[in-house]
Amino acid sequence: MIVEKQTPMREQAPDIRGRNFDEVPFGYSEDEAVREAERCLQCKTAPCVDGCPVGIDIPSFIEHVKSRRFDQAIAQIKQDNALPAVCGRVCPQENQCQGVCTLGVRFEPVAIGRLERFCADWEAEHEACCPEIAPDTPKRVAVIGAGPAGLTAAGELRKLGHSVTVLELLHEAGGVLMYGIPEFRLPKAIVRREIDALRRMGVEIEVNKVVGQIYTVDELLGGSYDAVFIGTGAGLPRFLGVPGESLNGVYSANEFLTRTNLMGAYRFPEYDTPIRVGERVVTVGGGNVAMDSARTALRLGAKESIIVYRRSEEELPARAEEVHHAKEEGIRFQLLTNPIEFVGEDGRLTGVRCLRMELGEPDDSGRRRPVPIEGSEFVIAIDNAIIAIGNGPHPLIPQTTDDLELNRWGNIAADPETGQTSKPGVFAGGDIVTGAATVIEAMGAGKRASAAIHAFLTAA
Amino acid sequence: MYTILSKRTLAPKIREYVIEAPEVARVGKAGQFIVLRLHERGERIPLTIVGCDASTGGVTLVVQEVGKSTQEMGDRFEEGDSILDFAGPLGEPSEVEDFGTVLCVGGGVGIAPIYPIARALKEAGNTVIGIIGYRSRDLMFYYDEFDAVCDELHVMTNDGSFGGKGFVSDPLREILESGRNVARVWTIGPAIMMKVCSEITREFDVPTIVSLNSVMIDGTGMCGGCRVDVGGATKFACVDGPEFDGHQVDFDLLMSRQAYYAHEEACALERYLAGTGEGAST
């Protein structure tokens with residue numbers, strides 16, 4: 001018998017969670033997971049597998065859950081995905097596996113993300129499984145950047161028996177999973193757990209390594225390494241370029257989230273890094289980072305947290321669940337609104353001047369272009385603004401690597417299937433190649449590149 | 001972990017540390033900086049490199065105890081102890097070549113980062129005129145070191161307890177007014193001092209380099225907190241600097257941004273001092 005609706009996942013009530021940094025959803029119990037797994041049709045075509053950027057054998061792991069073989073379910077997932085607890089929480093499943101689910105044609109799709117998350121969390125409470133590692137090879141790979149792309153490439157290459165060293169710039173591995181995505185959406189203990197699992201597989205992770213300065217990519221290749229994977233991400237914050245953007249009180253989303261997440265500023269003064277949030281905060285942008293910023297501002301004490309986005313609700317690029325959660329928590333959406341100036345007094349932000357927009361003809365992205373409405377200018381009085389309109393490529397490796405071809409946006413030019421760059425033995429993947437995208441797409445790129453690196457290392 | 005190879009007190013609340021970080025020591029250059037973090041709850045502290053010794057793997061830093069973290073470093077981190085994180089070198093090195101006659105103007109703790117620049121300029125063949133300024137004689141440090149790399153050294157104290165009485169800007173103006181052919185000026189110190197020095201050198205049309213210590217988190221181009229206005233364009237002090245053309249820098253904006261967390265910084269220091277010895281860091 002077909003159950004039309006997904007098994008709901010219990011979560012903290014909006015009025016309570018809006019004031020704490022604990023994770024919003026509680027996850028499935030074993031019984032809830034089994035009930036949801038029973039909804040899967042086990043259809044022969046399994047479009048969900050193609051919908052997954054890392055190609056998890058979804059019907060198989062769901063079948064294991066259904067039969068309460070949770071250990072085998074997580075082992076099945078880990079064959080293709082080194083970070084299941086992360087992906088179960090942050091993947092935009094509605095556009096991927098669940099978006100193509102056969103059951104979803106007529107009813108709600110199977111809650112694949114919630115099941116993946118359940119399996120990963122189940123493992124954390126039981127004996128951890130370690131994927132099978134091939135016998136050691138004499139080959140050594142350097143992975144630059146310990147974010148989703150780099151960690152995935154590292155895990156895959158290690159499984160193939162190669163020695164892998166991940167070189168991370170910051171003091172903690174995880175990349176955007178640590179500095180960007182907030183605790184209430186992705187608890188840092190979970191990220192650390194997944195990274196520990198990689199270490200147990202034998203992946204070496206070294207932090208505080210400023211590759212590009214202490215050694216160049218060429219020096220890595222000429223020294224101890226046979227291949228290099230670059231996964232340094234989209235770390236350079238974009239600003240609007242409007243007047244007043246350097247006033248005190250205007251943050252980039254990167255700064256706002258890094259202070260809070262990586263540096264623990266939400267626990268200042270127990271943690272040494274401060275953050276300032278006033279009563280009224282505007283976040284500019286409509287993606288996941290904007291939702292994260294607006295919701296973080298609320299938790300840091302803002303009385304009113306407002307999303308300002310220049311298009312309409314339909315075009316919001318954020319995951320559906322993030323928009324839903326933000327609305328439940330009382331985030332106000334000021335749509336079809338574009339900031340044109342930050343205004344202040346004595347160097348301190350006091351407001352943002354905006355124009356109202358309407359949607360015109362479709363632009364290059366296929367979305368209807370927002371057009372300003374003449375004479376619609378107005379000012380929102382605010383204490384802080386957070387700019388969450390995207391990031392450019394992290395500049396360090398592109399600037400310090402000779403003969404590394406870049407595209408016109410400054411991203412590294414790499415073959416989308418193999419990650420091969422213009423330099424022999426050097427591969428790249430994730431946001432440093434594509435520009436800012438999702439965690440799982442970066443992981444997919446890391447996985448594809450690892451196959452190409454393996455072929456490169458074992459050729460001849 | 002990074003071991004403190006040596007620690008010495010240069011003046012009240014000013015200490016010199018040599019920290020073992022061989023990879024940084026091998027390549028770090030004058031003008032660049034590092035970021036360190038003392039412990040798990042610590043903040044990332046950017047500090048300009050004072051010296052790198054590839055043979056010992058030591059990186060020399062001079063730290064003025066102005067806030068909670070620097071005070072804690074002075075109180076609780078001794079020779080032989082380790083600090084948790086140390087990353088660098090970051091930023092662009094100083095442009096060092098034989099310019100002819102150059103002026104290096106350092107004020108207060110800014111004397112530490114300008115010292116290696118003066119030395120590198122001397123080694124590159126320049127005639128180096130040094131001007132260093134302290135609030136008073138008891139805060140003096142690096143006098144002998146500076147003297148050794150300068151062809152001519154002017155020392156100022158605000159209270160006149162050593163050298164000339166007044167500010168570093170006084171001899172700077174005199175030297176430029178005397179008509180000596182100065183090819184370039186470096187000035188590092190408090191923002192207001194760099195501003196005043198840059199205004200003077202502008203009158204004489206002498207290219208002037210300043211080193212900006214904006215508030216930053218990662219130090220690698222990711223937070224944008226260190227953004228400064230240089231010639232009307234927004235630059236990141238961490239990756240585009242930290243050195244910039246002093247005639248183009250909006251110092252008022254810099255000073256305003258440096259003060260944004262003054263309240264939080266004062267609270268953190270007060271809380272730390274109230275709990276000194278109680279393990280405020282644990």
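Keep in mind that the numbers below use all heavy atoms, side chains included, and drop hydrogens, waters and symmetry copies.
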Checking heavy atoms, do the side chain of B:Leu38, its backbone, both or neither come under 4.5 Å from chain A? neither

Could you check whether any side-chain heavy atom of B:Thr234 comes within less than 4.5 Å of a side-chain heavy atom of A:Glu245, counting everything from C-beta outward? no

B:Arg37 versus A:Glu172: any side-chain heavy-atom pair under 4.5 Å? no

Chain B heavy atoms under 4.5 Å from A:His171: which part of the residue, side chain, backbone, both or neither? both

Looking only at heavy atoms, which two atoms of B:Glu264 and A:Pro274 are closest? And how far apart? CB-CB, 3.6 Å

Among side-chain atoms of A:Tyr271 and B:Glu40, is any donor-acceptor pair under 3.5 angstrom? no

With a 4.5 Å heavy-atom cut-off, do B:Glu43 and A:Phe268 have their side chains touching? no

Hey, which of A:Ile387, A:Val207, A:Asp346, A:Val250 has the most heavy atom pairs under 4.5 Å with chain B? A:Val250

Reference residue B:Glu23; test side-chain contact (heavy atoms from CB on, under 4.5 Å); the match among A:Ile214, A:Val210, A:Asn208: A:Ile214

Are the charged groups of A:Asp272 and B:Arg41 less than 4.0 angstrom apart, N to O? no

Decide yes or no for A:Leu236 and B:Phe236: does some side-chain heavy atom of the first lie under 4.5 Å from some side-chain heavy atom of the second? yes

side-chain contact (heavy atoms from CB on, under 4.5 Å) evaluation trace for B:Arg44 with A:Leu170: CA-CA 10 Å; B:Arg44 291 174 67 93; A:Leu170 293 174; 4.0 Å; yes

Ignoring hydrogens and angles, state whether a donor on the side chain of B:Asp229 or A:Ser246 is under 3.5 Å from an acceptor on the partner side chain. no

Taking the side chain as C-beta and beyond, is there a heavy-atom pair between A:Thr258 and B:Met222 under 4.5 Å? no

Could you tell me whether A:Lys209 atom NZ has more than 12 heavy atoms of other residues or ligands within 6.0 Å of it? yes

Indicate the atoms forming the closest heavy-atom contact of A:Thr273 with B:Ile217, along with that distance. CG2-CD1, 4.1 Å

Above 12 or not: heavy atoms from other molecules or residues under 6.0 Å from CD of A:Glu345? no

Between A:Ser252 and B:Cys223, which heavy-atom pair has the shortest distance, and what is it? OG-O, 2.5 Å

Could you go step by step and tell me if B:Asp218 and A:Tyr179 meet the side-chain contact (heavy atoms from CB on, under 4.5 Å) rule? CA-CA 10 Å; B:Asp218 60 288; A:Tyr179 74 74; over 6 Å; no

Check the surroundings of atom CD in B:Glu79: do more than 12 heavy atoms from other residues, nucleotides or ligands lie under 6.0 Å from it? yes

Does a donor on one side chain sit under 3.5 Å from an acceptor on the other, for B:Gln32 and A:Gln213? yes

Does some side-chain heavy atom of A:Asn248 sit less than 4.5 Å from a side-chain heavy atom of B:Gln258? no

Please classify the contact between B:Phe86 and chain A as side chain, backbone, both or neither, with a heavy-atom cut-off of under 4.5 Å. backbone

Which atom of B:Gly224 lies closest to which atom of A:Phe239, heavy atoms considered: O-CZ, 4.2 Å

If you take all heavy atoms of A:Leu247 and B:Arg257, which pair is closest and at what distance? O-NH1, 3.6 Å

Looking at B:Tyr260 and A:Asn384, what are the two nearest heavy atoms and their distance? OH-ND2, 3.2 Å

Atom group of B:Thr220 that falls short of 4.5 Å from chain A, counting heavy atoms: both

Name the option with the most non-hydrogen atom pairs under 4.5 Å to chain B; the candidates are A:Gly249, A:Gly241, A:Gly347, A:Gly264. A:Gly249

Can you establish whether the number of heavy atoms outside B:Glu270 located under 6.0 Å from its atom CD is more than 12? no

Of all of B:Pro89, B:Ala259, B:Gly67, B:Gly28, which one pairs up most often with chain A through heavy atoms under 4.5 Å apart? B:Pro89

